Amino acid sequence: MPAVLTDCHFDEVPLLQGARTRELVMSGCDLPGLVADTAQIDARLVLSRCRVTGPLVLTRAQINGDLDLRDMVITCPDGEAISAVHTKVGGDVLCANLAVEGRFRLSGASIDGEFDLEGASLRNPGGRALDAYHVQIAEDFTCHPGFSAEGRIILSGATVAAAIGFCGARLSNPGDIALEAVDVTVSRNFDLGRGLTVDGAIQLDGTHIGTELSFRDAGLTHPDGTALSLRAIQTREADLRTRRPIDGVVDARNARLGTLYDAPDTWPADLRLAETTYDALAFPPVGGRASPVDPAHQR
């Protein structure tokens, strides 16, 4: 039978290590933490609208349905607020409007659906806000408008079978890397445009993108170093028409950019293109569509 708890208050941390249940639904509850490492849940695990003041431990848990953390608030500023290392989720990971103080770690996790962080807020200033190293996602990884992160986001080694999107998000890790996505494989688009604002560096070295890498209308600021590293990336299309010139070094050495969409008024002051290749360069003419330029006319 499913366990359903609504608007409950827990004085002690529920301990569910190794437990097996059909479904666990907790909605609007107050908890000092929850420990469910190696648990097996045949359907959903729902913690929506819960307020948690200690760690949520899901390490090596197996959840055959959705993991629903929507509208949850979890506060653990001195450690791992959420630990889901090597967790297997058979459905979606739903984190819309999730608020986290502390580290959100799901390195090595496997998600058979989408990973949705729309409107979420992750805060771990000076540390790792999201550690998704080597995560495998069968659908989209989305951080739509309203998403914000203070601290480093790590996606290095991740495999995403659909698209990655940070449209309209705000990433902040001043003086350090805000987004580390090295050696990522994305089957479709990697969208870092449409209003994205970044205070810190973006590192995408060695990433393979099936369709388009876009920074269209993004704002990137990292004045004391490399603001954007695209070394040895591969993509079919690349759109570098940022909202304004990137404040910092752009390093695209050895990149393969396919069709490159660009505009002279967004070129950064320090651009490194040694051994960079592209098939066509498209500049947007006044009042018309972008038209390709022969690759021999490299900037």
Side-chain angles (χ1 to χ4, degrees), residues 23-28 41 43-50 52 56 58 61-74 81-124 128-155 158-171 178-179 181 184-198 209-211 214:
E23 184 174 74
L24 177 58
V25 178
M26 304 177 74
S27 180
I41 300 172
R44 299 179 302 160
L45 172 58
V46 178
L47 297 170
S48 62
R49 299 190 299 106
C50 288
V52 185
L56 169 61
L58 300 173
Q62 181 168 328
I63 303 162
N64 292 329
D66 295 341
L67 173 58
D68 188 345
L69 307 179
R70 288 177 291 184
D71 300 298
M72 188 176 79
V73 177
I74 180 164
I82 301 175
S83 179
V85 177
H86 293 294
T87 296
K88 295 183 178 181
V89 180
D92 300 326
V93 176
L94 303 172
C95 299
N97 302 313
L98 168 70
V100 179
E101 293 272 352
R103 184 178 177 186
F104 185 174
R105 185 181 180 204
L106 67 161
S107 52
S110 174
I111 301 167
D112 288 346
E114 67 172 329
F115 186 13
D116 181 10
L117 284 156
E118 180 176 0
S121 172
L122 310 181
R123 295 193 70 253
N124 193 21
R128 298 181 176 186
L130 176 65
D131 186 347
Y133 181 75
H134 270 287
V135 72
Q136 297 183 46
I137 304 172
E139 295 183 17
D140 292 327
F141 175 87
T142 53
C143 299
H144 288 305
F147 174 81
S148 65
E150 295 182 47
R152 184 181 295 205
I153 293 178
I154 299 175
L155 298 179
T159 301
V160 180
I164 297 176
F166 282 87
C167 302
R170 299 183 64 87
L171 310 181
L179 175 60
V184 172
T185 300
V186 189
S187 295
R188 298 199 325 236
N189 296 341
F190 198 150
D191 198 338
L192 291 156
R194 288 187 280 174
L196 172 68
T197 299
V198 183
I209 300 159
T211 307
S214 177

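Note that the structure is predicted; figures quoted are calculated from it, not measured.
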[Y] side chain reached by [X] side chain, heavy atoms, under 4.5 Å:
X      : Y      : result
Leu122 : Ile153 : no
Leu47  : Val52  : no
Leu106 : Val93  : no
Leu155 : Leu179 : yes
Arg44  : Val25  : yes
Thr142 : Phe147 : no

Distance from [X] atom [atom1] to [Y] atom [atom2], nearest 0.5 Å?
X      : Y      : atom1 : atom2 : answer
Asn97  : Asp71  : CG    : CG    : 5.0 Å
Thr197 : Arg170 : OG1   : CZ    : 5.0 Å
Glu101 : Ile74  : CD    : CD1   : 11.0 Å
Leu117 : Leu98  : CG    : CG    : 7.0 Å
Asn124 : Leu130 : CG    : CG    : 10.5 Å
Asp191 : Cys167 : CG    : SG    : 3.5 Å

Looking at every heavy atom in both [X] and [Y], which two are closest together, and how far apart are they?
X      : Y      : value
Ala109 : Ala84  : CB-O, 3.9 Å
Ala120 : Cys95  : CB-O, 3.6 Å
Leu24  : Ile41  : N-CG2, 4.3 Å
Ala178 : Leu171 : CB-CB, 4.2 Å
Gly102 : Val100 : O-CG1, 3.7 Å
Ala138 : Ala161 : O-CB, 3.2 Å

Test ring-ring contact (aromatic ring centres under 6.0 Å, His included) applied to Phe141 - qualifying residues, sequence neighbours left out: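 By the ring-ring contact (aromatic ring centres under 6.0 Å, His included) rule, Phe141 matches Phe115, Phe166.
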Asp92 side-chain N/O to Asp66 backbone N/O, donor-acceptor pair under 3.5 Å: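 Pair absent, no side-chain N/O of Asp92 close to backbone of Asp66.
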Do you see a donor-acceptor pair shorter than 3.5 Å between the side chains of Ser27 and Arg49?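 Result is yes, a qualifying pair exists.
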Keeping to residues at least two apart or across chains, list the side chain to side chain donor-acceptor pair (under 3.5 Å) pairs with something in residues 132-141. none
Asp131/Arg103 ion pair, N-O < 4.0 Å: yes
Go through the steps for Leu45 and Leu58 under the test side chain to side chain contact (heavy atoms under 4.5 Å, CB included), then give the verdict. CA-CA 11 Å; Leu45 172 58; Leu58 300 173; 3.8 Å; yes
